[in-house]
Each structure stands twice: as structure tokens, then as C-alpha cells.
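Taking it in order: structure first as C-alpha cells, then the write-up.
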Amino acid sequence: MYKAIPLNDGFYIPVIGLGTYKVSKLYDVENIVKFAIDAGYRHFDCAWIHENEEAVGKAIKAKIIENVIKREDLFITTKVWNNFHRREKVMEKLKLSLREMKLNYVDLYLIHWPIGFNETSKTVPLGDGQEAYSDVDYLETWKGMEDCLSCGFTRSIGLANFNSEQIDRILRHAKYKPVINQIEVHPKFSQKKLIQFCKERNIVVSAYYPFGVGEQTGTTRFPETTVLDDNIHKIGRKYNKSAAQVVLNYLVSLGLCVVPKSISNLRISEYIKIFDFQLEPEDVVYLDSCNRNNRICTMRAFMDHPHYPFRIEY
């Protein structure tokens with residue numbers, strides 16, 4: 001039902017996963033994940049900062065008990081948050097995530113951001129100034145990631161929200177290469193240069209916010225979301241697909257894996273049904289033309305951090 005992309009360490013990642021960001025305790029996360037497993041999802045994109053790993057783990061355990069899946073059928077990603085960049089903290093936080101999810105290992109562990117905060121700071125220290133910033137270099141964090149890999153707590157390790165210069169710096173010092181860079185990608189923010197950069201280094205790109213929908217959608221000066229584009233709806237009608245399915249199919253055709261999120265069973269079912277059609281060249285040309293370099297997740301509040309990743313073009 002799903003396709004997978006080879007990683008540079010010999011493992012494979014399913015091209016579509018379900019994101020869990022902002023799927024908080026306000027929703028029945030356990031049942032959302034159970035439904036997604038029944039719908040065919042085998043890739044779940046988690047993070048400690050999402051505060052829902054325990055519920056994800058319960059859903060996985062229930063479906064294993066029901067003999068719907070085996071653990072080895074799944075691809076589970078989690079991430080180390082910015083307050084825990086010291087080498088020893090990286091493994092400590094992964095062990096905590098594993099306890100929460102009742103797992104022996106994850107398939108992929110990512111550095112969530114190159115920017116670090118002090119362990120005593122708030123998880124998102126808005127307005128606290130540079131006093132909240134950690135002086136831990138992400139190269140030290142990468143050593144902690146490699147420790148986790150060596151100890152078998154994760155099968156693969158990678159990055160999220162790193163720019164080209166930061167990736168090259170990791171590669172110059174790494175014992176083990178990152179397999180993934182998870183970044184924001186959608187037709188209005190195509191990231192073609194960074195994607196090509198990663199491809200040349202055999203690093204897969206995982207796309208979050210694939211529909212260009214963020215927390216500020218609908219507010220003044222917020223970029224119009226791709227899935228509201230009338231032309232993309234028109235393209236969808238040609239294939240009897242939704243605009244969202246068109247966008248996901250387009251991104252997957254570029255060699256990306258995608259991690260849409262939803263709390264709607266209807267949409268969760270819809271998003272995975274994208275492998276039974278191929279966009280015609282003129283439709284790809286239109287989607288390519290949508291780029292406006294409109295980044296949604298700017299982390300603008302931390303622009304003065306030494307490792308802020310978005311100061312350069314890509």
C-alpha cells in the first residue's frame with residue numbers, strides 16, 4: 001500500500017508518514033494512531049516536544065496485540081529537543097522517549113533544530129533573550145546521536161531544519177552520516193536548492209508542512225496555503241483526487257518523503273491514497289511554478305541565536 005525510499009545506511013523509510021505535531025492531549029491521540037495503522041500507515045513522525053509519545057506507544061502496543069502489525073513493520077521517528085543538546089543528554093532523552101512509547105528502539109532519531117537552549121530554560125523561551133541560549137555546539141549533539149546509534153537505541157540518525165553549511169559541517173566531523181534532513185517543503189516553498197544539495201550527499205529529505213498550512217493560517221500576511229489554490233483543485237478533479245492528494249503525490253514524485261498530519265479520519269485515509277495516479281507534465285510545471293519562497297516555520301524569535309539556520313539562502 002505504501003512505497004519506501006532507501007536510506008544511506010541500508011534501511012528504508014516509508015514515503016508517507018503521519019505527523020503528530022500539535023496532536024495534543026486535547027485529542028484522542030491513541031485512537032488517531034490506531035486508525036492510521038488500520039488505514040495502512042506504517043511511518044509515524046514523533047518528537048519529545050509533542051508531549052504525546054505515550055499515547056502513540058499505547059496505540060502501537062494495542063495493534064501489535066491485535067496482530068495487525070509487528071514492531072518491525074513500523075518506522076518510528078522521534079527527535080531530541082533544543083534544551084538537551086549536551087552529548088550525555090541526547091541518549092538520556094531518547095531513553096525517556098523509548099520508555100514513553102514502550103519500545104526498545106526507534107527507527108530514526110533526529111536533532112530537532114541546530115539551535116540549543118539551556119537545560120534550565122523554558123522549552124520555547126520566547127522573550128527570554130540570549131540568556132536562554134546554550135553554548136553547546138550541535139557537533140557535540142551529533143556525537144550523542146552517534147552514541148545512540150552505537151548502543152542500538154536507534155537504527156538511523158539524522159537532522160531537522162539544518163541548512164547546507166550546517167549539514168556540510170556535520171559531514172566533515174561525523175563518524176556516521178545523517179540519513180535524513182527533515183525540513184519544511186510545500187509548493188509555495190519548494191526548497192529546490194536544499195533538496196538538490198541533500199540529494200548530492202545521499203541524504204533523504206523529509207517534508208513537513210506539505211500543504212503549506214501552519215498555526216497562523218488565515219491571519220494577515222500569512223502565505224495563502226497551496227491546498228486552497230483553485231488550479232490545484234482543478235488538477236485534482238482531472239484524477240478524481242483532492243488538492244491535498246495532488247500535492248502529496250507531487251512531493252513524493254520529487255523523491256521526498258512526506259509527513260502530513262490530521263486529526264480527521266477522513267483526511268488520514270485520504271492522504272495515503274496517492275500512489276494510483278501520475279501527474280501529467282503540465283500539472284508538474286504548474287506546481288513547480290507555485291513557489292514563492294514562503295516559509296511558514298521561521299523560528300523568527302531566535303534569529304539572534306548563533307546557529308539559527310535560516311540566515312542563508314538554503
Side-chain angles (χ1 to χ4, degrees), residues 19-27 29 45-54 78-90 92-94 96-97 100 109-142 144-145 159-167 169-170 181-186 188-189 191 194 207-209 211-225 259 261 263 292-314:
T20 62
Y21 175 62
K22 289 291 182 181
V23 185
S24 67
K25 296 172 183 175
L26 296 174
Y27 305 105
V29 178
D45 187 71
C46 308
W48 174 85
I49 194 67
H50 297 175
E51 298 184 325
N52 54 19
E53 290 184 324
E54 182 180 4
T78 193
K79 309 174 191 77
V80 63
W81 186 244
N82 308 349
N83 301 77
F84 311 109
H85 276 197
R86 282 197 296 123
R87 182 173 184 172
E88 61 271 24
K89 285 291 180 181
V90 175
E92 181 182 314
K93 298 310 288 189
L94 177 53
L96 177 61
S97 288
E100 288 284 307
Y109 195 32
L110 304 179
I111 303 178
H112 210 143
W113 289 88
I115 62 177
F117 304 143
N118 289 321
E119 291 168 31
T120 55
S121 298
K122 292 179 288 190
T123 53
V124 184
L126 295 171
D128 291 352
Q130 295 190 9
E131 294 75 17
Y133 298 165
S134 165
D135 60 1
V136 177
D137 194 309
Y138 56 79
L139 290 180
E140 177 179 334
T141 313
W142 189 252
M145 303 292 283
L159 309 169
N161 301 298
F162 275 59
N163 66 35
S164 59
E165 292 177 0
Q166 292 167 334
I167 293 168
R169 188 164 176 254
I170 289 280
N181 188 29
Q182 186 177 100
I183 56 175
E184 177 185 339
V185 185
H186 46 86
K188 293 267 176 107
F189 189 54
Q191 296 258 53
L194 185 52
Y208 69 81
Y209 282 166
F211 306 130
V213 177
E215 296 168 35
Q216 298 174 342
T217 297
T219 61
T220 304
R221 288 182 286 187
F222 189 85
E224 183 186 66
T225 62
V259 286
K261 74 178 186 72
I263 60 170
R292 300 293 183 271
N293 290 321
N294 284 338
R295 187 190 297 277
I296 294 169
C297 187
T298 64
M299 288 289 268
R300 194 180 305 277
F302 308 110
M303 286 180 67
D304 58 345
H305 194 288
H307 298 310
Y308 181 74
F310 305 144
R311 276 193 287 267
I312 64 174
E313 182 184 1
Y314 67 94

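Listed here is the closest heavy atom pair of Gln166 and Pro309: OE1-CB, 3.5 Å. Taking every heavy atom of both residues into account, Pro114 and Ala160 meet most closely at CD-O, 3.9 Å. Scanning all heavy atoms of the two residues, the minimum distance from Thr123 to Asn83 falls at CA-OD1, 3.4 Å. Taking every heavy atom of both residues into account, Leu126 and Lys122 meet most closely at O-NZ, 4.0 Å. Contact between Glu184 and Arg295 at its shortest, heavy atoms only, is OE1-CG, 3.4 Å.
Under the side-chain hydrogen bond (donor to acceptor under 3.5 Å, both in side chains) test applied with Thr78, the options His112, Lys93, Glu53 reduce to a single match, Glu53. Screening Val185, Ile296, Asn161 for a side-chain contact (heavy atoms from CB on, under 4.5 Å) with Tyr208, the sole residue that qualifies is Asn161.
Residues Ser134 and His85 have side chains that never bring a donor and an acceptor to within less than 3.5 angstrom of each other.
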Begin with the C-alpha distance, continue with both residues' side-chain angles, and end with the deciding distance and a verdict on side-chain contact (heavy atoms from CB on, under 4.5 Å) for Asn163 and Leu194. CA-CA 7 Å; Asn163 66 35; Leu194 185 52; 5.7 Å; no
What do the steps show when you test Asp137 against Trp142 for side-chain contact (heavy atoms from CB on, under 4.5 Å), and what is the final call? CA-CA 9 Å; Asp137 194 309; Trp142 189 252; over 6 Å; no
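Ring-plane geometry between Tyr133 and Phe117 is classed as parallel, the angle between the planes falling under 30 degrees on a 0 to 90 degree scale with a further cut at 60. Taking the six-membered ring where the residue is Trp, Phe310 and Tyr308 present perpendicular rings, their angle passing 60° and hence far from 30°.
The line from OH of Tyr21 to SG of Cys297 is 7.0 Å long, rounded to the nearest 0.5 Å. The distance from the CG atom of Asn52 to the OG1 atom of Thr20 is 4.5 Å, given to the nearest 0.5 Å. Phe302 contributes atom CZ, which lies 6.0 Å from atom CD1 of Ile115 (distance to the nearest 0.5 angstrom). Asn293 CG to Gln191 CD: the interatomic distance, rounded to the nearest 0.5 Å, is 8.5 Å. Separating the CD atom in Gln130 from the CG atom in Asn118 is a distance of 11.5 Å, to the nearest 0.5 Å.
With sequence neighbours excluded, no residue forms a side-chain hydrogen bond (donor to acceptor under 3.5 Å, both in side chains) with Asn181.
Between Thr225 and Phe211, the closest side-chain pair of non-hydrogen atoms is not below 4.5 Å. Contact annotation: the side chain of Lys79 approaches that of Gln182 to within less than 4.5 Å [non-hydrogen atoms, C-beta and beyond]. In this structure the side chain of Leu159 never reaches within 4.5 angstrom of the side chain of Met145, judged on heavy atoms. The closest side-chain heavy-atom distance from Met299 to Asn82 is below 4.5 Å. Taking 4.5 Å as the limit, some side-chain heavy atom of Leu139 sits within range of a side-chain heavy atom of Ile170. Taking the side chain as every heavy atom from C-beta outward, Val29 and His50 never approach each other to under 4.5 Å.
Both the sub-6.0 Å distance and the 45° axial angle are not jointly satisfied by Arg169 relative to the ring of Phe162.
If you look at Phe84 and Trp48, their ring centroids are closer than 6.0 Å.
For Arg300, the CZ atom is loosely surrounded, since the number of other residues' heavy atoms within 6.0 Å does not exceed 12.
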